Amino acid sequence: MTTLKRVDVHVEGVVQGVGFRPFVRSLASRLGLAGRVRNDVDGVHIEIEGALAGVEEFLTALERDAPALSEIERVTVVSARPAGHRGFTIAAGVPSGPLRPLVCADRATCDDCLRELADPADRRHGYPFINCARCGPRFTIVRGVPYDRPLTTMAGFGMCQACAAEYHAPGNRRFHAQPTCCPACGPRLRLRDARGTELCGDPVAGAVTLLRAGHVLAVKGLGGFHLAVPAADERAAALLRGRKHREEQPFAVMVADLAQARRLCEIDEHAAELLTGRARPIVLLPRLPGAPVAASVAPATRSLGLMLPYTALHHLLLAELAEPMVLTGANVSGEPIAYEDDDALTRLSGIADAFLVHDRPIHVRTDDSVVRPMAGEVTVLRRARGYAPEPLALRWPAPRPVLACGAKRKSTFCLVQGRRAFVSQHIGDLENHETLRSFVEGIDHYCGLFGIRPEVVAHDLHPGYLSTRHAMEIRGAELLGVQHHHAHIASCLADNGDPGPVLGVALDGLGHGPDGTLWGGEFLRADLTSFERLGHLAQVPMPGGAAAVRQPWRMAAAYLGDDHHGLDVARRNPWAEALALAPTAPLTSSAARLFDAVAAVLGLRDKITYEGQAAIELEQHADPAERGTYEAGIARGDLLVVQGADLVRAAAADLAAGAGTRAIAGRFHNGLADAVTRACDTLRDSTGLSAVALSGAMFQNALLLEGTVARLRAAGFRVLKHVRVPPGDGGVSLGQAAVAAARDRA
Ligand SMILES: [Zn+2]
Ligand SMILES: [Zn+2]
């Protein structure tokens, strides 16, 4: 008879809201072990029992196979007397005791606070600003350090006696909870009309009455203002789109709970854990056919971005509305979201019919984060609320503090001290005064919060980027330019704690190449200190330059020339004019422009209204079950060149022959994944490298990522992909910082 062994395991680090408990349960079940797992105040607590060999294997696999988003800092194992558990269960969290008062990311309202919120006998019953030491606003209200109430935007709210008593009582859930408050002493909710006049009555009930009547409601949240309409109300959703200047980017939807989420999207255990985790990101999920969502909410896409409520105010609103609600950043297309009260009233005056506001200022504008389950794991596509400013652990320390200024689109900066990399929240496209101000003030704010004085400043090679210009103005630090796609691959290496060298595949938009052309479909040999270009997508002209980015049909013209089979795209547009511009147009090897061309050929998109739209819609249009493919030629010279034009021509010929556009889009994705794999195969022969790092904005595309990963693995490659930072330009600052730190070590 085997002896029963039991251990209690405590795991500290980033292990909540990252799929850790389901991972533990499936690991235990696989090994035939019994016990239970629950979240506690600073991690995850596991009781595990069974055969000794199984328990030992469990402890090994726990760290080795932990979910990608998790960051295990410490595992403590204590032997215990077997408890006779039957099966393995996920128990409800029983956190107790205060969290360490560090500046952490904002946290979703905890279960204890939700119970009080719903309890008519509690003094915080129905109070939209309820929080405790384990939940509530953090980063968005902190003005400086030490993290103490006077240095938060709660400074103006003196605690009442009851709140002060809780705040000072060790063992109380609100012990040293800096933002703690109640209806007697804390912020107050108000409902105002479009002119700013306060409306009387209960603000939440009043707001919901307006929502039901089809009005657009602005809601002040944790990191900024949102705009809300009921998600099933097509008239209201279309009205909101119209007022946001017909921007076509999909809106996110907030649902009250998992039950509501399951009526809209496919929710597996992994998705459920992401949705209910304390970071509460927007999770991009497959939409159910016939889901009750208005057509204007997320046009031309089969996915839907869902999130669960993360403040008590959201909980109250959704409980009253009793149906899912669009909750999208409050801005006019292209501008950052509003976060200051007066500014919001002015900027949103033509958009919102009413404002649900409060008197607790937001110190740092912070958008909702976006994550996407892909290739069996999750990738962060926009890292902001709920994640920033918490540092990512680097595998190797930086000798001197580093500031990396990032790129232009989806801008972030990154500060490194030792092994900690503080990647800023998503700031937005650095092309106007407002985002530049957020960027510059953000750098100062982070330097102050974390006590960092950068001695090395890394930047993009593009001299015109505002981030590069900002780097140039910093005195007293060593400057280091990092090529854009090297930064992408280094970002993927840092994300995975891998030093390289690897074959780096950067499929991206446009980046400054050292040869003066625009790069963006690159095969590199790269490690953290250097890179060499081994190959690229064949260059094509961009007729009209920047106009070709806004008008994908121009890329179709550049790729097809006169070989357009009389397709509609050539008849709809001034094709010959574009061709006439081609000989003098800038050349690019960008993968994004290749996607643009195919999207235009298929008639999905001649012009775009937001960055990356054509590529996103091409993925959403494609049949994921399509097995057919197109073959792109690969030319071998000094550099390997992948003939992207072959894919565009095959798509056009297929369409002319009557094939369906969904099948064609699927074949294009398969063809590109095939081409990447064959190119890597050739490069493995010449370099001996058998690890591939995938980065660049095109790898936010699940179909492309999953197809490429599967093919590379089948060909025997080890594949690195993004997890904690975006594959797109939001991850570039981490890559620049990793390169700067590595060169400083060398
Ligand atoms: Zn709480
Ligand atoms: Zn109070």
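For ligands, and for the atoms within them, numbers begin at 1 and follow the listed sequence. Values in this document were obtained by computation on a predicted structure and should not be read as measured data.
- Taking 2.8 Å as the criterion, C181 does not count as a coordinating residue of the Zn ion (ligand 2), since none of its N, O or S atoms falls below it.
- The CD atom of Q178 lies 12.0 Å from the OG1 atom of T153; values are rounded to the nearest 0.5 Å.
- Between SG of C163 and SG of C160, the angle at the Zn ion (ligand 2) works out to 110°, rounded to 10 degrees.
- Between F88 and I48, the shortest heavy-atom distance links the atoms CE1-CD1, 3.6 Å.
- The only member of T366, D106, T140, D368 that meets side chain to side chain donor-acceptor pair (under 3.5 Å) when paired with R385 is D368.
- Around atom CZ of R64, more than 12 heavy atoms belonging to other residues, nucleotides or ligands sit under 6.0 Å away.
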Inset, instruction - Begin with the C-alpha distance, continue with both residues' side-chain angles, and end with the deciding distance and a verdict on side-chain hydrogen bond (donor to acceptor under 3.5 Å, both in side chains) for D495 and H722. - result: CA-CA 6 Å; D495 202 345; H722 279 274; 3.3 Å; yes
Inset, instruction - Applying side-chain hydrogen bond (donor to acceptor under 3.5 Å, both in side chains), run through S438 and R365 and close with a yes or a no. - result: CA-CA 8 Å; S438 294; R365 180 203 335 261; 3.0 Å; yes
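- Note that R360 lies outside the cation-pi zone of F129, set by a 6.0 Å cut-off to the ring centre and a 45° limit from the axis.
- Near-neighbour remark for the Zn ion (ligand 1): protein N, O or S atoms under 2.8 Å are C110 SG, C113 SG, C132 SG, C135 SG; waters not counted.
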